[in-house]
2 protein chains.
Amino acid sequence: MSQEASQDFSLGKVQVASSPQERFDEYLQSKGKRTTQQRRALVECVFEEHDHFDADELLEMISRHAEGAGVSRATVYRTLDELVEAGLLRKMDLGGRAVYEHDYGYPQHDHLYCQLCRKLIEFRSEELMAIRDAVAAKHSFRVTGHRLIVSGVCEECSHKRHRRHSPLDLI
Amino acid sequence: MSQEASQDFSLGKVQVASSPQERFDEYLQSKGKRTTQQRRALVECVFEEHDHFDADELLEMISRHAEGAGVSRATVYRTLDELVEAGLLRKMDLGGRAVYEHDYGYPQHDHLYCQLCRKLIEFRSEELMAIRDAVAAKHSFRVTGHRLIVSGVCEECSHKRHRRHSPLDLI
DNA sequence: ATCGATGCAAACTGTTTGCATATTT
DNA sequence: AAATATGCAAACAGTTTGCATCGAT
């Protein structure tokens, strides 16, 4: 799952023109923003591995990752917003906290969400898109995206014994 | 849309045995909890009309609704949790805040979410359920429910000119 | 040198909780 | 009377923001 440097961005799915770093730089330039050490470090850290994470986890990762460079909580939040706006990350709301995942060069997909271990399992479905678009059309609704989360219990957890991670989960 | 008293709970879709009040009382009893004025008032208020609402809106509604009876914010939150656990309400997370809707006697459905006016439009799709279950089966995942939110712009809003309700919306 | 970015801490939003008091059974 | 519910205010978690300072252009 983990890969050393951010080099292969095809991630087995969609070919993209440039690395997340390059793409982010482009975005920053276009907005008159600057390429700083912390933004650079954050992008590197975020795209090192494809996974789901929240702001706190990224904050922790970055402090472990970049040897000397510490990035403040505020900057993490600010940069996450920028990465979303730049189209590099996708944001979703899960159980009250914001969770992020790669968007750039990554195909549309949905999730199975295990209520016990909080794991997210990705899946793709063409039919789903078709249904979505058909329904939208019926309502003259212009779709910009969708989010499907199927919640339940993953295979692993249904073997272990039932202990919740948190009492009342939003799905 | 609005109806005077809570009498017809078939709501045109699914027949249910008893009113939300009765159902809630049952739940409370089974848990050794008590039927209080504020719980009664809240249920009445919640089921007066089928709509989506958050805790603050309910708090406001209840203060307008029950003439003398004020219900505290804490009790609103506590009762909402109970209503969800009793199976009367469904909770979803939309843009950071919790939004509730009728569950009891109301069929499974999903939503189109207008990013401009924040309106939720309900729709039903059998195929969707089929896809959901097929995918889950493939992953040996035990489904307890799902949430699909298709976001975009509703018909009305695509006529008006583009002004967002909030800058960065979670979907 | 200029103007945007960062870090810090304080502010905020939505929600939860401890505790003394009020209510239901 | 016993035990649960309520209201209040304080505590919380996650996130945002004002401001002085730092750093990229």
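Each chain gets a letter, A, B and so on, in the order the sequences are listed, and its residues count up from 1.
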Less than 4.0 angstrom between a side-chain N/O of [X] and OP1 or OP2 of [N], yes or no?
X       : N      : result
A:Arg73 : C:dC8  : no
A:Tyr77 : D:dT16 : no
A:Arg78 : C:dA5  : no
A:Thr36 : C:dA5  : no

Grab the [atom1]-[atom2] distance between [X] and [N] for me, whole Å please.
X       : N      : atom1 : atom2 : answer
A:Met92 : D:dT15 : CE    : P     : 13 Å
A:Asp54 : D:dT15 : CG    : P     : 7 Å
B:Arg97 : D:dA13 : CZ    : C1'   : 19 Å
A:Glu57 : D:dA13 : CD    : C1'   : 14 Å
A:Leu94 : D:dT15 : CG    : P     : 12 Å
A:Leu80 : D:dT17 : CG    : C1'   : 17 Å
A:Asp81 : D:dT15 : CG    : C1'   : 9 Å
B:Asp93 : D:dA13 : CG    : C1'   : 13 Å

Handout entry: Closest to side chain of A:Arg34, choosing from D:dC8, C:dC8, C:dT2
Key = C:dT2

Practice task
Return the nearest nucleotide to the side chain of A:Gln37; candidates are D:dA5, C:dT6, D:dA24.
Solution key: D:dA24

Fill in the blank from the handout: The answer to which of A:Lys33 and B:Ala74 contacts DNA chain C further toward the 5' end, by nearest nucleotide, is A:Lys33

Handout entry: 5'-most by nearest nucleotide on DNA chain C - A:Gly32 or B:Thr35
Key = A:Gly32

Practice task
Say whether, by atom type as modelled, one donor and one acceptor occur between the side chain of A:Thr79 and the main chain of A:Val76 under 3.5 angstrom.
Solution key: no

Handout entry: Side-chain donor-acceptor pair present, A:Gln21, A:Ser19, cut-off under 3.5 Å
Key = no

Handout entry: A:Arg124 with A:Glu126: basic N within carboxylate O range, under 4.0 Å
Key = yes

Handout entry: B:Lys91 with B:Asp103: basic N within carboxylate O range, under 4.0 Å
Key = no

Practice task
Can you spot which of B:Tyr104, B:Tyr106, B:Tyr27 makes a side chain to side chain contact (heavy atoms under 4.5 Å, CB included) with B:Leu88?
Solution key: B:Tyr104

